[in-house]
Structure formats: structure tokens, C-alpha cells
Amino acid sequence: MLCLLAARHVSARILPSMATRVRFAPSPTGFLHIGGVRTALMNWLYAQQTGGAFLVRIENTDTSREVEAAAERIFDDLRWLGLDWDEEPRFQLDRVDAHREAAERLVAEDKAYVDEGAIRLRMPGEGETQWTDLVKGTLRFANADVKQALRPRDDPSAPGDMVIVRADGRPTYNFASPHDDVLDGITHVIRGDDHVSNTPKQLAVMRALGAEPPQYAHLPMVFDDSGKKLSKRRGAASLQELEARRNEPLVYLEEFRAVGYLQDALINHLVLLGWSPGAEETILPLDEILARFRLEDVNPSPARFDYKRLDWMNGVYLRALAPEEFADRLVAYLRQEGYEWDEARVRETAPLVQEKIARLGEYPAFAGFFFQSAEDVPAAAAELDGSVIAAAIEALEPLDEFSPEAIEGALRPLPERLRLKPRDVFRPLYTAVCGRPTGPSLFHSLPLLGKEESLARLTRAGEHAATASADVRVQE
RNA sequence: GCCCCCAUCGACUAGCGGCCCAGGUCGCGGCCCUUUCAAGGCCGUAGCGCGGGUUCGAAUCCCGCUGGGGGCACCA
């Protein structure tokens, strides 16, 4: 038992010395899916750990402006996450000629044949195809079953040989992909679970090509909250757009970016989907992940994407940032999201919100009142309390120095004086100043607004409170 | 329909035959702290899908069932 354990770890260390090459191969359809991001991450981690190369291959079927744009977005997403790749990204379509020639060679060797203009690979009808998957262990398929699956359901007399080049000359995915892997010298194919049943077909291609097959690692799927596969849907790339339909779960990396998650938190959360360091730790900075991640330890069962846990984790990372770093991130984030707010003011207010928000995207709603004038701050009458506000005005009015300490000295005694709970005093005040019952420390926010503006807001809110209660009385 | 995979608290997981009347984290509940809200502290909640084996002993090994998922094209 002991030596078995040892062997497992030894093999993981020895294999890498043979210059591993892995690849992430997204298709350029729309946005980069978060499940794909995890696949990319695990490929990248493996390459980093083994000193190998991480390649990106765009599996495009055509070359259009859309493909170009989608590829560019994928590169941008990977760069944003810090998953930098080696060598120039490949485009599958750039190698159609090579694929076609390889297929023709197979025909010449009688390993494939032409059928109604298409080229089909002769598939073995007996025996089985098996491989040792790095995460799933030994996987085996009866060759007869593989063939059977290749026949259309309504045509049991079909040959059951895989088309590798279509009649129109375009190579098929299950031929192009393994051939690309051969051409790129890929040693480890790390990809989603949904490719398991493609693997025997691709191994058949490898075999026919006379190539040494790579190691395979099939990562379990990522499900959404409801336990279904994270589905593709219309992507949204801006905070406003996402807020408009906030009940939809995020699925694309751009969406996670748009609501203000940090790279480190996202990576930390993603790597914990299907893998655990074994020890009782949850917060793992990248260097820690790099030191401890083992592809062999990824567990084979599917995982749900836990949004609440991500929020918690993002908050942890946000709070751990040095204040200047936090401000930098916030400024960059707001700029990216199109807020043209005064940078100096954002920086001033940043320390007041750092401990309060879990995502950078919460800032506009939480601290937007700093960028509004008294008239624009919404007056939520229900939360207001005229007498409390009047007392606050009275306490603040005489202050010469409008400092946090002075304000605290003036407001802190209010609950006791009014014989109210602190909560019943401060919620109305927050509402008056921030437009909602919660916000960053009043003592620190008011000096930033200035005495005049602060009193203006309180006064205005006081009037609202008065008319509101008058309305109520009239109705009664 | 056929093939393949998976199965520990609500979620992510630790567990590799005795150290487990199952541990950690999120969530949820309570209490404390508190200028609102958070954050923080403390306490609590809750799980080995079912049935058979194997074994002195099983969450851990084997078989079956059930449940979930993935895949079955001249799509990628």
C-alpha cells in the first residue's frame, strides 16, 4: 500500500521531465464559458508545474470576422486571468491542408477509404480501446460499441467508419483535433468530461497516424446552482446589463469580470471545484496552488458552482488588498465599466468601502451617493424619521471643525438622548445622506461631503419625512 | 434505445479497512461586538443514496439497484 502511494507520486514527478505540452482548445463561439476557464486553468497549472508549454488552439470551422473577434476576446480573458500561453496561438483551420494530406496518406495506406467523396477511417470492429485517464482511471470502450455509435440511428447498415474528411474537403473535428495534437507534440490532453466518448475515436486516429498517444485527463463538469450543466446563453458584458437580469446565474468570464471579481479569487474558487489541497485550508493564493495542485488528485465527480462561496471568497481577497492596491483596482474597474467618476474622489472613498463590499461591482450602488448632489439622492421616506433628523442637524450645525472625531462626538450621544436604539437613529441618517439605509461609516463620509452638503441632505430629507408623515395623517 | 462516467452535510470537499458515533470551508440559525451595513469572535445545524456480500472490523473493497450526469453526425 505504501509503495503504491509512493509510485503514484513518483510517476507524477518523472513524467514532467519529458517536456510536457498541453493545450487549451476553445471553439470561438461567443464568450469564454466559466467551465472552459477552469479547463484552461488546470492546463495552465499543469504546464507551470512541470515546466512545460501551455498552448492555445482555436478550433474554428471558418475564418470570419466573428471568429477573429471571438478569438480576441478569449485571448483577452486568458490574459486578464494571468493564464499566459507559450508560442503563437494556433487556428485549426490554418492546418486544413495538413489534415487533408494526412487523410490521403491514410487512404494510400488503406487505413482509410473514400466513400461518396468523403474519407472514412477504418475502425476496428473487435476488441476494445482503453486508456488510463489521469483523473478517471482506466476507461475502456468496446470497439464494436464505438462503431455502433458512429452509425446514424436510422441506418444500422452504415459502415460505422468515422468520416475524417467530409465530401466538401473539410476535415472533421475528431480527426483534426487529434492530428493537431500530434503536430503540436501535445503530451497531455486535459479537457472536459464531455470528450470522454470522443477519446476512443481520437485514439483510433492517433493509432492510424502511427503517433504515440498523449495522456488524457478528463475533468468533471461544472454544474450551476440547480445541478444542471452550466448552460450557454446570451452573454452580458456590462454591470448594468447584468443587474437588469440579476436572477440569471453568471456563466461567462466576462460577466464575472463585469461584476467585479478579482482574478485571484476566481482562480482560487475554480481550482477548488474538483480539487482540494487535502489539508483544511480554503484560501489559497496562486503560489500556494502552484505548489500543491495535482492533476492526479482532481476528483472524478462533477461539482456545482457555488456563487455564494465565490462572493465570500472575493470579499476575503478584497479585504486582504493593501488600501492603495484596492483603490487601484477599483479605479480600473470603474473605468472599464464606463463610470466617469472623479478618480480622486473614488480613491478618497475607497478605504471606507473596502471592508464592506464583496465585489467591486457593489461600489456604484454603495458609494454612488458621493458622486451625487443633494437633489439626486433618493429620499426613501419610509426609512426617514423627522425628529431624529432634526436632532442630527441640531447636533451638527454648531460644529466648527467637520472632522470624523467631531462628528462622532456630536452624533454618538443621539441614541441615548432620544432614547432610541442606535439602529433606529442611524438608519434614518444613512438614508438621508446615502439614499439608502446602509452605507460606509457616516462619521467618515460626512467630512468628505462637507458640512454644507451634509446639512443640505439632512434638511431635505427632514422635509420629506415631514410631508410623508403628513400624508399618512391625511390618509388616516 | 445504446455506450460511458459519477455518488460523504443544502454546496465544495477531507477520508485510501480500525486514528470517524465522520473533519474543514461556504451557506443557514443563534449569541457577542457594533454608528447603519458589512467584517470579526463564539456556539449551533446538517451527511456516508439503498440492498447484498468480503472482513474480527467498511464511508473506505466487490456486486446489484436507485438516482444524477455526459456522449452517441459528412457539429465542435
Side-chain angles (χ1 to χ4, degrees), chain A residues 1 4-5 8 25-29 59-61 92 115-120 133 135-137 139-142 144-146 148-153 155 158 162-174 176-177 192-201 218 220-221 223 225 227-229 269 272-283 299-313 315-316 318-319 353-358 362 366 383 407-408 411-412 414-415 422-431 433-434 436-445:
Chain A
M1 179 44 60
L4 258 180
L5 277 175
R8 188 174 165 194
S27 50
T29 53
E59 308 221 297
N60 55 327
T61 30
Q92 186 161 89
D115 173 36
E116 293 181 9
I119 298 178
R120 287 183 187 270
D133 196 278
V135 347
K136 293 189 175 288
L139 259 24
R140 53 184 80 222
F141 285 78
D145 289 334
V146 176
Q148 185 54 42
L150 248 11
R151 285 188 265 260
R153 284 240 231 143
D155 184 10
M162 175 169 64
V163 170
I164 57 177
V165 178
R166 298 181 183 84
D168 66 8
R170 290 150 54 226
T172 59
Y173 167 77
N174 274 319
S177 181
D193 219 350
D194 47 343
H195 284 290
V196 168
S197 57
N198 282 328
T199 308
K201 300 174 203 167
H218 287 97
M221 303 268 87
F223 296 152
D225 268 345
K228 294 186 206 125
K229 184 180 172 183
H269 182 254
L272 255 21
L273 253 37
W275 176 79
S276 122
E280 302 184 336
E281 292 152 82
T282 307
I283 299 296
N299 74 24
S301 57
R304 283 179 199 219
F305 195 97
D306 186 340
Y307 293 89
K308 283 190 169 151
R309 197 193 215 214
L310 206 216
D311 276 351
W312 164 76
M313 189 170 282
V316 171
L318 237 28
R319 276 173 255 126
V353 308
Q354 184 168 6
E355 299 227 329
K356 309 264 185 181
I357 62 179
E362 290 173 38
F366 194 75
E383 283 282 352
I407 292 166
E408 182 169 358
L411 296 184
R412 218 185 244 295
L414 280 187
R423 178 192 162 87
D424 293 326
V425 171
F426 285 96
R427 279 179 75 94
L429 297 185
Y430 275 90
T431 305
V433 174
C434 311
R436 44 191 241 168
T438 64
S441 165
L442 256 197
F443 305 156
H444 296 272
S445 299

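What you see is a predicted model, and the numbers here were worked out from it, not measured in a lab. Throughout, a chain's letter reflects where its sequence line sits, starting with A, and its residues are numbered from 1.
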For the side chain of A:Ala303, counting heavy atoms from C-beta on, which of B:C37, B:C12, B:U36 is nearest?
->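 Between B:C37, B:C12, B:U36, the one nearest the side chain of A:Ala303 would be B:C12.
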Given B:A76, B:C74, B:A38, the nucleotide with the shortest approach to the side chain of A:Val163 = B:C74
Rounded interatomic separation in angstrom, taking [atom1] from [X] and [atom2] from [N]:
X	N	atom1	atom2	value
A:Gln92	B:A76	CD	P	8 Å
A:His195	B:G69	NE2	C1'	16 Å
A:Asp155	B:C74	CG	C1'	13 Å
A:Leu442	B:C37	CG	P	12 Å
A:Arg304	B:A7	CZ	P	15 Å
A:Ile164	B:C75	CD1	P	14 Å
A:Phe426	B:A38	CZ	C1'	16 Å
A:Met221	B:G71	CE	P	7 Å

Taking only the [atom1] atom of each, what is the distance from [N] to [M] in whole angstrom?
N	M	atom1	value
B:A38	B:G24	P	26 Å
B:C5	B:C42	P	45 Å
B:A39	B:U25	P	16 Å
B:C9	B:G49	C1'	14 Å
B:C21	B:U36	C1'	45 Å
B:C19	B:A11	P	26 Å
B:G47	B:G64	C1'	24 Å
B:C63	B:C6	P	12 Å

At under 4.0 Å between heavy atoms, what does [X] touch on the DNA or RNA strands: base, sugar-phosphate, or nothing?
X	answer
A:Phe141	sugar-phosphate
A:Glu408	nothing
A:Leu411	nothing
A:Gly439	base
A:Ala167	base
A:Asp311	nothing
A:Thr61	sugar-phosphate
A:Leu139	sugar-phosphate
A:Arg319	sugar-phosphate
A:Glu355	base
A:Lys136	sugar-phosphate
A:Gly192	nothing

Sequence neighbours excluded, which residues qualify as side-chain hydrogen bond (donor to acceptor under 3.5 Å, both in side chains) partners of A:Arg166?
->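 Here no residue qualifies.
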All side-chain hydrogen bond (donor to acceptor under 3.5 Å, both in side chains) counterparts of A:Gln354, not counting sequence neighbours |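 Checked A:Gln354 against side-chain hydrogen bond (donor to acceptor under 3.5 Å, both in side chains); zero matches.
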Along nucleotides 25-30 of chain B, 5' to 3', which nucleotides get a B, which get an S, and which get a -, given that the test is a protein heavy-atom distance under 4.0 Å?
-> BBS---
Please check the phosphate of B:A76 (OP1 and OP2 only) for any side-chain N or O of A:Arg166 closer than 4.0 Å.
-> yes
Phosphate OP1/OP2 of B:G15 contacted by A:Asn299 side-chain N/O (<4.0 Å) =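 It does not, given that no N or O in the side chain of A:Asn299 lies less than 4.0 Å from OP1 or OP2 of B:G15.
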Between A:Lys201 and A:Asn198, is any pair of side-chain heavy atoms under 4.5 Å apart?
-> yes
Can you find a pair of side-chain heavy atoms, one from A:Thr438 and one from A:Tyr430, that are under 4.5 Å apart?
->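 Of all side-chain heavy-atom pairs linking A:Tyr430 with A:Thr438, none is under 4.5 Å.
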Among all residues two or more places apart in sequence or in another chain, which pass the salt bridge (Lys or Arg N to Asp or Glu O under 4.0 Å) test with A:Lys356?
->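 None.
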List in chain and number order the residues that pass salt bridge (Lys or Arg N to Asp or Glu O under 4.0 Å) with A:Asp168, two or more places apart in sequence or in another chain; answer none if no residue qualifies.
->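 Partners of A:Asp168 by the salt bridge (Lys or Arg N to Asp or Glu O under 4.0 Å) criterion, ordered by chain and then number, come out as A:Arg170.
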Complement of B:C21, any strand, by Watson-Crick or G-U distances under 3.5 angstrom = none
Pair assignment for B:C2, Watson-Crick or G-U wobble, requiring both distances under 3.5 Å = B:G71
Side chain to side chain contact (heavy atoms under 4.5 Å, CB included) against A:Asp133, all qualifying residues, sequence neighbours excluded =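 If we apply the side chain to side chain contact (heavy atoms under 4.5 Å, CB included) test to A:Asp133, skipping adjacent residues, the hits are A:Trp131, A:Val135, A:Lys136, A:Leu139, A:Tyr216, A:His218.
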Separation between OH (A:Tyr173) and OG1 (A:Thr61), nearest 0.5 Å, reads 12.0 Å
Do A:Asn198 and B:A76 share a donor-acceptor pair, side chain to base, under 3.5 Å?
->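 Result: at least one qualifying N/O pair found.
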